[in-house]
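Here is the structure we will look at.
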Amino acid sequence: MARDPICGMDVLPEEAAGTSRYRGVEYYFCAVGCKEAFDKSPEQYVTKPPHPPFTKGGNMGIGRAEAEGQSPKPPAPPFSKGGQRGVLSVAPEVQRANTRVVEIPIRGMSCASCVQRIEQTLLEVPGVVSASVNFATERASVTYLDAVTQPADLRNSIEAAGYVVPDMDAVPTPDQEKATADAEIRLLRTRFLVGAALSVPILLGSFPDWFPWAPSLLANPNLLFVLTTPVQFWVGWQFHRGFWMSLKHRTADMNTLVSIGTNAAYLYSAALTFFPAAIAPTGMEAMTYYDTASILMTLIVMGRWLEAKAKGRTSEAIKTLMGLRAKTARVIRGDLAQDIPVEEVRAGDLVLVRPGEKVPVDGIIREGRSALDESMLTGESLPVEKGPGDQVVGATMNKMGSFKFEATKVGQETVLAQIVRLVEQAQGSKAPIQRLVDKIAGVFVPIVLVIAVVTFGVWLLLGGEQAFLVALSNFVAVLVIACPCALGLATPTSIMVGIGKGAEYGILIKNAESLERAYQVNVIIFDKTGTLTVGQPVVTDVVSSFEFRVSSSSSNLTRNPKPETRNLSLSPDERELLRLAASAEQGSEHPLGQAIIDYAKAKGLDVAEPQEFKAIPGYGIRAVVEGREILLGNIALMRERGIDLAGMGEQAEALSGEGKTSMFVAADARLLGIVAVADVVKPYSQSAVVAIRHLGIEVAVITGDTRRTAEAIARQVGIDRIMAEVLPEHKALEVRRLQEQGKLVAMVGDGINDAPALAQADVGIAIGTGTDVAMEAADITLIGGDLRSVVTALQLSRLTMRNIKQNLFWAFAYNVVLIPVAAGVLYPLWGVMLSPVLAGAAMALSSVTVVSNALRLRRFQPTAVPASS
């Protein structure tokens, strides 16, 4: 890999958009704009030869710097895929020339070849690093150097290519976008209805033998000309305008095919109407094609209308998310409580939320307690208890009590707004498979034009007495049936629906590429702490020495065989043991001690304040509670103080084998028993792992904990492959080792120390309850901590990719099969000719079929994953 010295992006030398040689060193560029900027003044960009980055899934390459004996700094960890990872080989002036990303709405695209043309146009603008156009969302995402070019230049290049760019500065609201889409749909419907109303009498008049009951006036060629003209030039205006713009730029697209095809039929018919003697030989029937031109144009517009309606439904997820927002907020300013629009809430405002109301913005509770339904975020239906100091998220529903909270994030900073923005960006991104389709579409139309011309020439020679009419009919049929609309819609519609559906289940997919890679994953690595487990210790066992002796005599140990909190009543001895342990830990800040305190309070025990407290590093604690000396710690502490273990050493060993930390408790030099604490497995971890393995994916666990602890957790969830005692900085190396074995690896984690591994993995999956750094580095974020969402993400990825392949199959099969039929290859065998009207109907049907198939993804429901046994 090389590094573009302008923008710092990774470039494969064989795929570089351009190269330049400077001071004996070859430089590679990701875009023509970067090369042009470099060539103008290379000395200001280069401080030393380029150094290859730490590449995903590969080895640390050896760059020219090493070869020439230099010692460049090692590259920074890649904390986010697709982002700028640091430029090692550029001057400070260039580092200030940041790359920016702009989303540009585009109107006037008709097919996948338009996508190819706009992308090519944008890439020719100096300073443009990358450009991706999405046909389904009608938006372009452009990465550019802000020191070289500006959004206005991008707009001008798009408009110069013949497309319309609405106001880029105005950020349309969902209601405005819906209004714009509805207006377009209404216009297409009006054009279709006008075309249909005029095409019916044209059809009746064109075939008087079929419809002898129709008024004879309709058969008049002059009347047919009058009826057809508005259909040809008003109903189909967008196609002719598009053809003219593409002609000016010496390109071709769907508009080219439709306009040439229908105009050929229309102009031939008009010439025959007004100059019959010059067109039709003596004795030959003067047959017009007004019906072909009008019905064909009407059918194509009908297809565009139905397609626009269907495309509107692909973004239902965004509309649903936006509909979750509260409309107003009750803000307390001074002594006055007033209802104001949620857009007017400011950070720092005190907001009152009553039962049954939605939380308007994000914030922190200052007064009151309640239970909130956060299912819109996590998918978990059970309400979550909240009190002072707890965070609340805008759009969640308050179920019971009233509370006041301080607004911390408003407007576009709220969690919901960020989710909507992520989903919009992901829906507009392009999967790798789509780039191949766009390239095909770019050369498809010129090939079709050649096929149409050859078809016309062959039938003109071999068509007999009606050679011209047959040649014209087949020429029009080939042009019309080959429109690549279905190819352009096959992938983006499925991606939009799939990513939107993921958002409904609390799964944020960063881009289409991540969705496609998830489909191919064959190894998943789970971080242990906070991912497979809850991430904080809880009490799992309370065993009094008296109960132990009794149970030992009957070989029935009163301990919990799994590291999860026992939901059973404690004996009096166990309650006293737990109360004294919790009282002693009152002076400790250790998380294990806090776990004992929390468990004791949950059991309703009265925890006393210790009169004395002393931590004994490496051993435990000593405290005086109610006049009694309490020792709480490991077996070494007990032995040092001469405490009789009463045979409980083996019990502690057994608990340790299950991944639990055993703490002995003694009072006044007499052993009371053991309290065991562990980081427990999440309720659905085991069943999620089982479900993933049923998908044919290998599962591994990675942790910095001891192998014994890791093995205990792995046994409980059913994982065989264990990577234990791995330092945080080495997690990415473990991922890379698997990749070097040819594995496509997904990494699931939640902490800052997981970020390098998440970025190194082919698919990084972050638990949304974790850190922002982890989520930034990930490709997929699970808003909640439930690992069933990992299964859902994999199922959705597989279903979406299957849907895309179905769409592409039908789009390609449709063209491969029907273009030869339209050209007339079946006529010599079976006398079958494809009418241009039928060709138009088939073309419209293909686009509607592809979009409708993508919409089937809206019915997706994840396979139920039962709770762990």
Side-chain angles (χ1 to χ4, degrees), residues 374-375 377-382 384 501-509 514-515 518-519 521-536 538 562-564 659 678-703 705 710 712-723 731 735 745-751 754 757-758 761-771 774-775 777-798 860-869:
E374 296 186 337
S375 57
L377 278 178
T378 64
E380 178 57 57
S381 58
L382 293 176
V384 180
K501 201 66 184 177
E504 291 181 23
Y505 287 99
I507 301 167
L508 298 183
I509 301 169
S514 304
L515 188 67
Y519 159 76
V521 162
N522 48 33
V523 177
I524 289 186
I525 303 174
F526 283 98
D527 173 57
K528 181 184 77 68
T529 306
T531 302
L532 286 174
T533 65
V534 296
Q536 59 186 23
V538 297
K562 289 188 177 182
E564 53 191 38
D679 181 9
V680 300
V681 171
K682 290 179 180 177
Y684 289 94
S685 292
Q686 181 189 12
S687 49
V689 168
V690 171
I692 290 169
R693 292 177 68 172
H694 283 165
L695 293 174
I697 299 173
E698 182 184 354
V699 184
V701 61
I702 191 167
T703 179
D705 282 349
I713 296 296
R715 277 197 305 271
Q716 293 170 56
V717 297
I719 294 177
D720 298 325
R721 188 164 192 160
I722 301 166
M723 306 174 195
K731 287 185 176 181
V735 172
V745 182
M747 170 73 191
V748 186
D750 71 322
D754 296 324
L758 289 169
D762 297 287
V763 180
I765 303 176
I767 303 297
T769 52
T771 65
M775 287 185 276
D779 300 293
I780 298 174
T781 298
L782 312 179
I783 297 179
D786 193 334
L787 293 187
R788 287 177 296 178
S789 296
V790 177
V791 183
T792 301
L794 293 171
Q795 292 172 346
L796 184 61
S797 171
R798 293 186 174 197
F860 166 79
Q861 289 185 336
T863 303
V865 177
S868 305
S869 58

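All values derive from a computational prediction rather than experimental measurement. Positions are given from 1, in the same order as the sequence printed here.
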Point-to-point distance, once rounded to the nearest 0.5 Å, from CD1 of Ile780 to OG of Ser514 | 6.0 Å

Can you spot which of Ile507, Leu794, Leu796 makes a side chain to side chain contact (heavy atoms under 4.5 Å, CB included) with Ser789?
-> Ile507

For the residue pair Val521 and Asp762, establish whether any side-chain heavy-atom pair is separated by less than 4.5 Å.
-> no

Between the CD1 atom in Ile509 and the CG atom in Leu782, the distance rounded to the nearest 0.5 Å is 9.5 Å

State plainly whether the residues Arg693 and Asp720 are in salt-bridge range, i.e. N to O under 4.0 Å.
-> yes

Gap separating the CD1 atom of Ile525 from the NZ atom of Lys731, nearest 0.5 angstrom = 10.5 Å

Nearest heavy-atom approach of Ala761 to Val735 is CA-CG1, 3.7 Å

Identify the two heavy atoms, one from Val701 and one from Lys528, that lie closest to each other, and give their separation to 0.1 Å.
-> CG2-CB, 3.9 Å

Output for pair (Leu787 CG, Ile524 CD1), nearest 0.5 Å, gives 10.0 Å

Does the side chain of Val748 reach to within under 4.5 Å of the side chain of Phe526, using non-hydrogen atoms?
-> yes

Point-to-point distance, once rounded to the nearest 0.5 Å, from CZ of Arg788 to CD1 of Ile692 | 13.0 Å

Shortest non-hydrogen contact between Gln795 and Pro862, atoms and distance = OE1-CA, 3.5 Å

Measure the shortest side-chain to side-chain distance between Phe860 and Glu504 over non-hydrogen atoms and say whether it is less than 4.5 angstrom.
-> no

Verdict with reasoning, Ile713 to Ile722, per side chain to side chain contact (heavy atoms under 4.5 Å, CB included) = CA-CA 10 Å; Ile713 296 296; Ile722 301 166; over 6 Å; no

Looking at CG of Asn522 and CG of Leu695, how far apart are the two atoms once the value is rounded to the nearest 0.5 Å?
-> 12.5 Å

Over all atoms of both residues, closest heavy-atom pair of Ile767 and Lys682 = CG2-NZ, 4.3 Å

Which atom of Gly749 lies closest to which atom of Asp527, heavy atoms considered = CA-CB, 4.0 Å

Are any non-hydrogen side-chain atoms of Arg721 and Glu698 less than 4.5 angstrom apart?
-> yes

What are the two closest non-hydrogen atoms of Ala518 and Val763, and how far apart are they?
-> N-CG2, 3.7 Å

Do we get Arg798 above Tyr519's six-membered ring, with its NZ or CZ under 6.0 Å from the centre and within 45° of the axis?
-> no

